[in-house]
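To start, the structure under review is shown below, and the notes come after it.
Here the structure is a predicted model, which is why all the values come from computation and not from measurement.
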Amino acid sequence: MKMPESLIGEKDRLFFEKHVVGHETSFLKFWVDGAIQYYANGQDMDIPMSLQEQMGRELFDTESAVDEFVDEKLEVFRDAKVSVKDLYRQFELMFPGQVDVVTFDLNRFGTELKKRIEARASSGWGVVKKRNGCAGGVKGMVWVNLALKTRRKL
């Protein structure tokens with residue numbers, strides 16, 4: 001049997017009406033047989049590692065992750081500059097193996113980051129601006145008045 005390319009399919013809001021109604025007995029039998037097989041196998045499913053990794057990336061909530069990144073890693077710091085590329089690298093390091101760099105690339109990260117920063121404008125983040133420039137020897141888009149939090153000595 002051919003293995004699927006993805007374990008997560010497109011959401012079909014009419015699935016029940018299309019596939020279950022009129023076939024309730026067969027549908028229930030499918031689930032019961034599957035549960036019997038699952039428990040007979042010691043609650044173990046044979047899912048290829050590549051699909052497990054893909055499933056994790058597909059389920060990764062990028063919006064919440066960017067929110068968490070801003071909360072935990074960034075701070076308003078006057079006259080500081082940090083490149084979007086450096087921020088993206090730090091974001092990938094914060095969530096190792098979870099960021100799907102194909103679907104959530106540097107540009108999409110920059111867009112999400114901008115939304116999160118603009119949402120915090122009323123709490124002192126209004127001075128943070130995105131500009132073309134250079135930060136840390138990296139040319140490109142930079143955030144002005146923004147810095148990565150550093151560990152403070154107690």
Report task. Test Arg89 against Asp86 for salt bridge (charged side-chain N to carboxylate O under 4.0 Å, His left out), laying out the working first. Result -> CA-CA 5 Å; Arg89 269 188 239 114; Asp86 285 340; 2.4 Å; yes
Query raised in the report: Would you find a donor on one side and an acceptor on the other, under 3.5 Å apart, between the side chain of Glu92 and the backbone of Gln90?
Result: no
Requested in this report: Linking directly or through intermediates, with side-chain heavy atoms under 4.5 Å: list the remaining ILVMFWY members grouped with Phe15, chain and number order.
Outcome: Phe16, Val20, Val21, Phe27, Phe30, Trp31
Requested in this report: Kindly check if the number of other-residue, nucleotide or ligand heavy atoms within 6.0 Å of CD (Glu24) is above 12?
Outcome: yes
Requested in this report: Determine, stepwise, if the pair Ile117 / Lys130 fulfils side chain to side chain contact (heavy atoms under 4.5 Å, CB included).
Outcome: CA-CA 10 Å; Ile117 290 174; Lys130 188 175 177 184; over 6 Å; no
**Report entry** Co-members of Ile36 in a cluster of I, L, V, M, F, W and Y side chains, linked at under 4.5 Å
**Finding:** Leu28, Val32
**Report entry** Minimum-distance pair of heavy atoms, taken over all atoms of Leu74 and Leu148
**Finding:** CD2-CD2, 3.6 Å
Query raised in the report: Taking only residues two or more places apart in sequence or in another chain, which ones pass salt bridge (charged side-chain N to carboxylate O under 4.0 Å, His left out) with Asp79?
Result: none
**Report entry** Arg120 vs Asp67 side-chain heavy atoms within contact, under 4.5 Å
**Finding:** yes
Query raised in the report: Going through the distances and angles, do Val84 and Leu113 end up as a side chain to side chain contact (heavy atoms under 4.5 Å, CB included)?
Result: CA-CA 9 Å; Val84 175; Leu113 184 61; 5.5 Å; no
Query - Side-chain donor/acceptor of Lys149 to backbone N/O of Asp71, under 3.5 Å - result: yes
Query raised in the report: Measuring from Lys85:NZ to Met141:CE, what's the distance to the nearest 0.5 Å?
Result: 11.5 Å
Report task. With sequence neighbours left out, write down each residue that passes side chain to side chain contact (heavy atoms under 4.5 Å, CB included) with Lys114, or none if nothing qualifies. Result -> Glu118, Trp143
Query - Apart from Val144 itself, residues in the same hydrophobic cluster as defined by side-chain heavy atoms under 4.5 Å - result: Val142
Requested in this report: Kindly compute the distance separating OG (Ser64) from CD (Glu112), expressed to the nearest 0.5 Å.
Outcome: 10.0 Å
Report summary line: For Val76 and Gly124, the nearest pair of non-hydrogen atoms, with its separation, is CG2-O, 3.8 Å
**Report entry** Side chain to side chain, Trp125 and Leu146, heavy atoms closer than 4.5 Å
**Finding:** yes
Query raised in the report: What pairs with Ala80 under side chain to side chain contact (heavy atoms under 4.5 Å, CB included), at least two apart in sequence or on another chain?
Result: Phe77, Ala147
Report summary line: d(Arg131 CZ, Lys81 NZ) to nearest 0.5 Å is 9.0 Å
Query - Donor-acceptor contact present, side-chain Lys129 to main-chain Gly126, <3.5 Å - result: yes
Report task. Specify whether Phe91 and Phe69 have parallel, tilted or perpendicular ring planes, treating 30° as the upper limit for parallel and 60° as the lower limit for perpendicular. Result -> perpendicular
